[in-house]
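Worksheet: one structure, shown below.
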Amino acid sequence: MNPKLPYDYKDLTPHMSEEQLRIHHSKHHQAYVNGGNGLLERLDKARKENAEIDIKATLKELSWNIGGHVLHSLFWGNLTPAGKGGGGKPASPLSDALSREFGSFERFKKEFTQAASGVEGSGWAALSLDRLTGRPLVMQIEKHNTNVYPTFKILMVLDVFEHAYYLDYKNDRAKFIETFWNIVNWNEVNQRFQQALK
Ligand SMILES: [Fe+2]
């Protein structure tokens, strides 16, 4: 099963409608969970029977499904209802790290927005952390699993697959990205940041 949401389907309105969130979570995210589990079962079965399996195709599909599951789980956790912790700006120490790296919070927001709007086809924008240097980095992930930096800890993600916004915003990805800032759970992102530095 995919993880239960920390809020109700209706709680992110008007930024994300109940129908949009319900379908995204219960159908799209669930499909990656089912897909990943199915592939793992197929691998288990082939090993038990010592049968041939197309390893290249299986691993590629597995990476897509597990990447999808992991990123969606992070996504639900870094959202929260507007006005109940959602939106605004991060507190210290994340705010200090962002200012140090990007010059200002506004500059970070601009780069993250550009990363999200510039994803070709389906993908994600992510704020990640290089744990070795403590430097935050914006990633532009294609699909669920391309351009990911191994060992970098992902702190915050924004899903820009069309399935994430089409019911609410049709093809207007820019509007969806703009509204995302109203429901960011900065408290959670800040906690992930501090956890990653330990
Ligand atoms: Fe999604």
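For ligands, and for the atoms within them, numbers begin at 1 and follow the listed sequence. All values reported here derive from a predicted model rather than from experimental measurement.
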Next item on the list: For the Fe ion (ligand 1), check which protein N, O or S atoms are under 2.8 Å away and list them.
Entry: H24 NE2, H72 NE2, D159 OD2, H163 NE2
Note to self: Please report whether the ring centroid of W64 lies less than 6.0 Å from that of H69.
What the structure shows: no
Item checked: cation_pi(K89, W186) dist<6.0 Å, angle<=45 -> no
Checklist line | I23 and L167, any side-chain heavy atoms less than 4.5 Å apart | finding: yes
Check: Heavy-atom distance under 4.5 Å between the side chains of V138 and Q114, does that happen here?
Finding: no
Next item on the list: State plainly whether one hydrophobic cluster holds both Y9 and F180, where clusters connect Ile, Leu, Val, Met, Phe, Trp and Tyr through side-chain heavy atoms under 4.5 angstrom apart.
Entry: yes
Margin query: Is the distance from the ring center of H24 to that of H72 below 6.0 Å?
Written below: yes
